[in-house]
2 protein chains.
Amino acid sequence: MKPKNIRIKDIAQLAGVSQGTVDRVLHKRGNVSKLATEKVNRVLAKSNYKPNLIARTLGNSKIYTLAVLLPDPQMDPFWKQSYDGMLSAQHQLTQLSLKIELENHFFDLNSKESFQKAALEIIRTKPDGVLVAPLFFNTAISFLKDLQQAAVPFVFVNTNIAESQSIAFIGQDLYKSGRLGAQLLFQKIQMANCYVILHIDESLQNAFHLKEKERGFTDYLTETGLSNQSISITIDHQPGKNFEKAVAEIIGSNQPAGVLISTSKAYQVAPIIKSINPAIQVVGYDLIEANLNLLQTGKIDFIINQNPFRQSRLGIQILANHLFFKRSFQSQYLFPLEVITSENAASYLLHTGYSADLPE
Amino acid sequence: MKPKNIRIKDIAQLAGVSQGTVDRVLHKRGNVSKLATEKVNRVLAKSNYKPNLIARTLGNSKIYTLAVLLPDPQMDPFWKQSYDGMLSAQHQLTQLSLKIELENHFFDLNSKESFQKAALEIIRTKPDGVLVAPLFFNTAISFLKDLQQAAVPFVFVNTNIAESQSIAFIGQDLYKSGRLGAQLLFQKIQMANCYVILHIDESLQNAFHLKEKERGFTDYLTETGLSNQSISITIDHQPGKNFEKAVAEIIGSNQPAGVLISTSKAYQVAPIIKSINPAIQVVGYDLIEANLNLLQTGKIDFIINQNPFRQSRLGIQILANHLFFKRSFQSQYLFPLEVITSENAASYLLHTGYSADLPE
DNA sequence: ATTTTTACTGTGTGCGAGCACAGTTATTTT
DNA sequence: AAAATAACTGTGCTCGCACACAGTAAAAAT
């Protein structure tokens with residue numbers, strides 16, 4: 001009647017060996033005779049044994065150190081949210097008496113060198129796991145090779161590097177994100193002359209990000225046939241040049257029906273765009289405060305949210321599961337493309353903090 | 001150096017009593033002298049003791065029975081998703097060797113009597129906890145009183161009954177949902193003569209739901225001043241009457257710029273509406289397959305998603321936490337108002353299954 | 001033939017909390 | 001004053017797994 005769980009003890013009994021032997025077989029520790037191995041495996045095969053993960057962690061009071069290779073949260077509110085998600089995961093694990101230590105290795109978003117430096121730092125400290133936003137492809141590659149050599153498990157957030165054996169990637173489908181951006185721009189105005197996708201302060205490191213989003217953006221245009229022109233513009237803050245003026249000129253000269261800003265920096269251009277022509281649709285990324293304010297005042301029409309909080313929380317949780325429970329999961333977690341308007345923004349702000357995703 | 005966790009053992013030592021005594025104080029089991037109680041409490045006060053939840057559950061191999069009072073998943077795809085969320089929670093708990101049994105008590109959405117009957121059934125079986133969608137206010141009230149009498153903890157999903165001492169409510173802010181619906185309708189067409197909020201097959205049990213959404217809907221209209229008329233229409237499937245024809249007549253005679261369907265039944269009317277005039281905006285609720293198909297073909301413009309899967313999964317998790325870990329949480333979990341378009345729908349479908357929210 | 005090595009196997013303890021039960025006082029009853 | 005009861009306190013076992021260590025048997029070396 002009772003669906004009693006089968007334990008190592010039971011398997012030992014059924015196989016006619018000791019618990020120690022079963023344990024050795026299960027963990028492939030060797031030093032087991034062929035005969036015994038076979039007996040155990042036979043029982044194992046038809047018993048559907050599932051280790052009790054709770055019991056497993058009880059004895060393990062080890063404090064795992066997880067290195068975090070992330071853009072400096074102080075420098076960018078988006079990455080601040082990301083980091084907060086990690087702290088949230090840590091908090092929850094602590095509640096369960098599972099101790100992890102987060103070892104911060106922050107780098108400068110605009111400096112490949114600082115990424116490199118932080119990465120070397122991590123190799124030196126030999127953490128038990130690494131959560132990394134591998135924004136600089138080339139630099140990341142060799143770092144990841146080192147990690148793999150040292151058998152340190154790592155998880156990607158935000159950016160994937162398919163060539164590496166990460167235990168998981170957590171992020172969004174950028175192509176679809178670009179398509180969604182285009183679709184949202186088309187809500188108010190349908191047929192139009194020209195639409196713009198605007199990249200701000202993005203030199204090379206995010207090249208792949210931008211290209212994917214752009215591809216989605218233009219594909220949507222082409223498929224729907226709603227516009228005959230999409231323009232991709234990159235604009236940077238340059239010393240000696242007036243950024244606002246530069247933006248105004250570009251928008252003024254192109255007169256687009258809508259602008260998709262490919263990063264979280266919509267707040268830097270939305271007021272300028274709307275002051276030129278309030279009818280120009282503006283869609284940006286990420287629910288950071290500056291964007292949120294403009295969303296409420298109508299200077300931004302839609303925000304596509306990545307939920308960095310949940311993404312990186314999940315990242316830590318996956319690593320923790322890997323280490324504490326020796327569980328592994330699907331390797332790709334594509335987050336929903338969240339559409340935020342002035343009317344549902346508040347509901348997303350409430351939402352971030354409350355839950356703890358344990359991957360299954 | 002090591003942030004070693006403080007254990008019952010340590011407290012016992014510090015207080016100069018045995019572990020048993022500390023345990024009795026912690027659990028208020030009585031049979032402790034005033035002196036000992038005080039000694040323990042003194043140590044407890046400054047030691048910030050947090051029980052090890054993992055160790056706690058290890059010894060407890062009890063299988064908790066959770067009763068589920070829900071509309072029959074077979075009869076409604078929305079509630080199917082809800083039920084799947086519960087199964088997902090159960091699955092995850094099983095992985096951790098925490099056993100719960102879901103005792104299904106399904107009722108007919110349209111029958112107060114079946115709700116009543118299922119509720120009585122639950123009282124009889126005396127479960128360890130109850131997850132309930134209390135759609136019928138009056139009938140629920142007395143049932144909930146009985147539960148409280150029997151000290152059975154219960155959680156609400158979808159609908160809240162603030163008068164009852166549930167350990168949690170999980171749902172959405174309906175007022176804001178109505179506002180959002182109105183906002184989405186206004187994306188394409190701004191100023192317009194008339195907007196309609198349409199209730200299908202909703203007699204009385206959902207009165208509160210509908211009223212709240214309607215209130216949000218009309219408030220948004222008034223505030224923005226974008227329309228001078230919002231019409232609330234209720235339409236039912238009546239034997240002997242042609243439903244499609246009735247819908248067509250109503251839409252045809254009112255010629256609204258947009259229609260918000262207040263339930264998940266948008267699929268029943270969207271094709272009719274669009275065939276009358278494709279320019280009429282249609283916004284519906286819930287990511288069920290029928291709606292999804294119409295979203296892809298442009299017969300529905302936006303869907304507002306409630307994520308019943310995650311809602312009810314969280315509900316089970318809260319109950320499990322309550323029972324296994326004796327943890328309690330905030331009592332209200334308002335879910336984000338998810339905006340779904342044809343371009344981001346797929347990303348939401350991927351998303352449902354992968355994560356396990358453990359409330360904090 | 002005895003020792004050493006290798007190959008294997010079983011026992012035992014700890015992890016932290018919960019609870020049953022035995023054990024020890026103090027208080028009341030006879 | 002002895003016995004009975006009540007009031008309290010401490011010990012010890014359990015949960016399931018992991019790992020250390022002790023122990024045994026067979027094979028190899030001396």
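Along DNA chain D, the nucleotide nearest to B/Leu35 and the one nearest to A/Lys50 differ in position, and the one closer to the 5' end is contacted by B/Leu35. Comparing A/Asn60 and A/Gly30 by the nucleotide of DNA chain C whose heavy atom lies nearest to each, the residue mapping closer to the 5' end is A/Gly30. Take the nearest nucleotide of DNA chain D for A/Arg7 and for A/Gly20: the residue whose nucleotide is more 5' is A/Arg7.
For the OP1/OP2 pair of C/dG16 and a distance below 4.0 Å, the side-chain nitrogens and oxygens of B/Tyr49 include no atom meeting the criterion. For D/dG16, the OP1/OP2 oxygens have no side-chain nitrogen or oxygen of A/Arg56 closer than 4.0 Å. In terms of phosphate contacts, B/Thr57 brings no side-chain nitrogen or oxygen within less than 4.0 Å of OP1 or OP2 of D/dC15. OP1 or OP2 of D/dA18 sits under 4.0 Å from a side-chain N or O of A/His27. Between B/Thr21 and D/dG10 there is a side-chain N or O to OP1 or OP2 distance below 4.0 Å.
One atom, CD of A/Gln13, and another, C1' of C/dT11, lie 15 Å apart when rounded to the nearest Å. Straight-line distance from the CG atom of A/Leu58 to the P atom of D/dT14: 16 Å, rounded to whole Å. The distance between atom NZ of B/Lys62 and atom P of C/dC19, rounded to the nearest whole Å, is 12 Å. Atom CD of A/Gln19 is separated from atom P of C/dT13 by 14 Å (rounded to the nearest Å). One interatomic measurement links the two molecules: CD1 of B/Ile11 to C1' of C/dG16, which rounds to 12 Å at whole-angstrom precision.
The number of heavy atoms from other shown groups lying within 6.0 Å of CD (A/Glu121) is above 12. More than 12 heavy atoms of other residues, nucleotides or ligands sit less than 6.0 Å from atom NZ of A/Lys62.
Residue B/Ala36 is classed as a sugar-phosphate contact, given heavy-atom separations below 4.0 Å to backbone atoms only. A/Asn52 comes within 4.0 angstrom of the backbone, heavy atoms only, and of no base. Counting any heavy atom pair closer than 4.0 Å across all strands shown, B/Asn31 reaches a base atom.
Proximity note for A/Arg24 (side chain, C-beta onward) versus D/dT9, C/dG10, D/dG10: the nearest is C/dG10. Distances were taken from every side-chain heavy atom of B/Ser18 (C-beta onward) to each of C/dT9, D/dT9, D/dC19; the shortest belongs to D/dT9. Listed candidates were C/dA17, C/dC8, D/dA18. Nearest to the side chain of B/Ile8 is C/dA17. With distances taken from any side-chain atom of A/Ala55 to the nucleotides C/dT9, D/dG16, C/dC19, the minimum falls on D/dG16.
Residues B/Phe154 and B/Phe156 place their aromatic rings such that the two centres sit under 6.0 Å apart. Between B/Phe324 and B/Tyr64, the ring center distance clears the sub-6.0 Å criterion.
The nearest pair of heavy atoms linking A/Phe106 to A/Ala118 is O-CB, 4.3 Å.
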